[in-house]
2 protein chains.
Amino acid sequence: MAIASQEVSPARFSAQLRSHALQTRIMDLILDRGLDVGDALPTESELSAELGVGRNTVRESLKVLQALGVIEIRHGFGMFVAPNNFSALVSGLTFRGRLSLRHKGEEAMELIDVRQALESGLIGSAIDLLTDEHLADLRVTMEAMENAAKKGEPLYEHDAEFHRRLYAPLNNDLLINLMDVFWQVYRKIHLALGTGPVNLEQQTQDHWDIFEAVANKDKALASERLQRHFDGIRLKLKDVAAA
Amino acid sequence: MAIASQEVSPARFSAQLRSHALQTRIMDLILDRGLDVGDALPTESELSAELGVGRNTVRESLKVLQALGVIEIRHGFGMFVAPNNFSALVSGLTFRGRLSLRHKGEEAMELIDVRQALESGLIGSAIDLLTDEHLADLRVTMEAMENAAKKGEPLYEHDAEFHRRLYAPLNNDLLINLMDVFWQVYRKIHLALGTGPVNLEQQTQDHWDIFEAVANKDKALASERLQRHFDGIRLKLKDVAAA
DNA sequence: TTCTAGACATTGGATGTCCCATCTCCTGTA
DNA sequence: TACAGGAGATGGGACATCCAATGTCTAGAA
């Protein structure tokens, strides 16, 4: 079989393009059939037959699509169109970050720059759309963070939750996902470097300050305090990297 | 062979985790050996032997790493640590965008929001670091855009180049890559929708306006004009999606 | 010295086989 | 009747092996 003859089979196209083309064909198949998030894809064997390529080849593309967050593979059950989620990017970006830290750690700094720009740039819009409910959620998160700090527990999750909820009013999944990715990458790099001494109280106070500005709907102050928050993170990262 | 017995072989771990673990092992191998961008990885067979898994299995993970931009695979030659590049993300994000357009196109709008926040948020820092050389590059790009517009050619590439150069002073590869990804995704979605009527002159003038503000180092004005630029894009996208 | 053809190493792809994870449904029991 | 447990079907996971395709490098000829 292998009816690859259908296409002109340019043979000059680099293999990389062929591989990429297969991924595209599968994505097109999903779109053409009107499959939506949660819907099941054909089985590997069916895809292999329909696309005229071996099952291993199909599997390689499917794994890539899984890594790209396009589909979700459930062993023994089937494959499904995945909900939006960028967790896949974490691996790649983390690798980049760790690779760069061997040199000068510049790329890790770039990541902070992007986070800073995104967050301080969007805080104004977020405040515009902020409701009392959102604010209540934020306060709950802050209280949880404070409790954790008193117990000497790491604040990773609460910190992430705070930033996630801060931008929830924007109702922008892409943004939330991106920020989550950056956050996780930063955390992994930080852990890989070995955490320096952390001042839990200072960290909590920083967030309370931001919270206060947001609660008062003071856009300029909130933006400024976010800027400083990231400046602090940047300095800390520089210290750790130097050690 | 298949000396998987080395590890406890938990067998209870979901397959997804095992797959992810293999990718991580390969990345760790790269980092442990001190391989740098451009260096060659062991061959597929060697990896298969070293990691104690079949070549097909290794290949699946390698394809994923390629898709994540971690490695570069050259048919018939070998595999190498890839330079930083996020082009892989384009596929996944484009798929998301097209999927969302079947509904209300919200996710495409989210993409514009993120671009707007990034660009208008960072233009200030970019202007701070702007040199005459950067400015000259920008002017060249603008002149090329104007020429293309006069000939009625599409401005896609010049548009992308303009934004790329606008933030070149920041020397932040992550940012440039991200913006490139967003831009390409936007373009693909736009093409998939069928381009509506485009006003080349207006588009060029928008960019000249931004250029002027940047050349005058007027941060506030540049930021505002960038905001309006994206507002225009957003409106246009809404029109096309509605049609 | 320069160009070309072929050997070689390495990845690309196909097929078959077996294993094992998950779900479904049916049966037996309370 | 309702619930629990297990058998079977479905379908992905892993592997071995073959051959094809391709980029590199080298040896030989002009």
Side-chain angles (χ1 to χ4, degrees), chain A residues 1-26 35 38-67 70-82, chain B residues 1-26 35 38-67 70-82:
Chain A
M1 51 150 65
I3 325 233
S5 51
Q6 158 199 4
E7 353 198 355
V8 184
S9 174
R12 275 301 146 204
F13 279 161
S14 93
Q16 190 153 337
L17 288 187
R18 297 230 325 239
S19 174
H20 189 270
L22 183 55
Q23 295 160 28
T24 305
R25 283 173 71 191
I26 296 175
L35 299 183
D39 291 346
L41 272 72
T43 68
E44 290 184 350
S45 312
E46 284 170 348
L47 279 177
S48 161
E50 282 185 43
L51 301 176
V53 294
R55 190 162 85 100
N56 264 326
T57 311
V58 167
R59 272 174 62 77
E60 284 175 5
S61 287
L62 289 172
K63 283 296 186 73
V64 169
L65 292 183
Q66 182 191 34
V70 170
I71 66 175
E72 182 184 345
I73 303 180
R74 294 168 63 183
H75 190 174
F77 193 39
M79 299 176 298
F80 307 84
V81 180
Chain B
M1 52 153 69
I3 325 233
S5 52
Q6 159 198 3
E7 355 198 350
V8 185
S9 175
R12 276 300 146 206
F13 280 159
S14 94
Q16 189 152 339
L17 287 187
R18 298 228 324 241
S19 174
H20 189 270
L22 184 54
Q23 294 160 29
T24 305
R25 283 173 71 192
I26 297 175
L35 298 184
D39 290 347
L41 274 71
T43 68
E44 293 181 350
S45 311
E46 285 170 346
L47 279 178
S48 162
E50 283 184 43
L51 302 175
V53 293
R55 191 167 84 108
N56 268 328
T57 311
V58 167
R59 271 173 61 77
E60 283 176 4
S61 287
L62 289 171
K63 283 297 186 71
V64 169
L65 292 183
Q66 182 189 33
V70 171
I71 66 174
E72 182 184 345
I73 302 181
R74 293 169 62 183
H75 189 173
F77 193 40
M79 300 177 296
F80 307 84
V81 180

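Fair warning: this is a prediction, and the values are worked out from it, not measured in the lab.
For B:K63, the listed nucleotide lying nearest its side chain is C:dG13; candidates were D:dT24, C:dG13, D:dG12. Among the nucleotides D:dG13, C:dT11, C:dA14, the one closest to any side-chain atom of A:V53 is C:dA14.
Separating the CE atom in B:M79 from the CD atom in B:E44 is a distance of 5.0 Å, to the nearest 0.5 Å. Here the OG1 atom belonging to A:T57 is positioned 10.0 Å from the CD atom belonging to B:E60, to the nearest 0.5 angstrom. Summarising the geometry, atom CG belonging to A:L65 is positioned 11.5 Å from atom NZ belonging to B:K63; distances are rounded to the nearest 0.5 Å. One finds the OG atom of B:S48 at 9.0 Å from the CG atom of B:N56 (value rounded to the nearest 0.5 Å).
As a whole-Å value, the separation of B:F77 CZ from C:dG12 P is 14 Å. One can place CG of A:L47 at 12 Å from C1' of D:dG11, the figure rounded to the nearest angstrom. At whole-Å resolution of the value, CD1 in B:I73 and C1' in D:dG23 are 15 Å apart. Remark: P of D:dA14 and CD of B:Q23 are 11 Å apart, rounded to the nearest angstrom. Rounded to whole Å, atom P of D:dA14 lies 8 Å from atom CG of B:L22. Atom CG of A:L51 is separated from atom P of C:dA14 by 11 Å (rounded to the nearest Å). B:R59 has its CZ atom 16 Å from the C1' atom of D:dG13, to the nearest Å. Note: CZ (B:F80) to P (D:dG23) measures 13 Å, nearest angstrom.
Side-chain contact between B:L62 and B:L47: present, with at least one pair of heavy atoms (C-beta onward) separated by less than 4.5 Å.
Residue contacts shown for B:G54 are limited to sugar-phosphate atoms, with no base heavy atom under 4.0 Å away.
Along DNA chain C, the nucleotide nearest to A:E60 and the one nearest to A:G76 differ in position, and the one closer to the 5' end is contacted by A:E60. Summary of the strand contacts: A:G78 and A:N56 both lie near DNA chain D, and taking for each the nucleotide with the nearest heavy atom, the more 5' one is attributed to A:G78.
Counting atom types as modelled, B:H75 pairs a side-chain N or O with a base atom of C:dT11 as donor and acceptor under 3.5 Å. B:R55 contributes a side-chain N or O that forms a donor-acceptor pair with the base of C:dG12 under 3.5 Å.
Considering only side-chain N and O atoms, B:T57 lies under 4.0 angstrom from the phosphate OP1 or OP2 of D:dC15.
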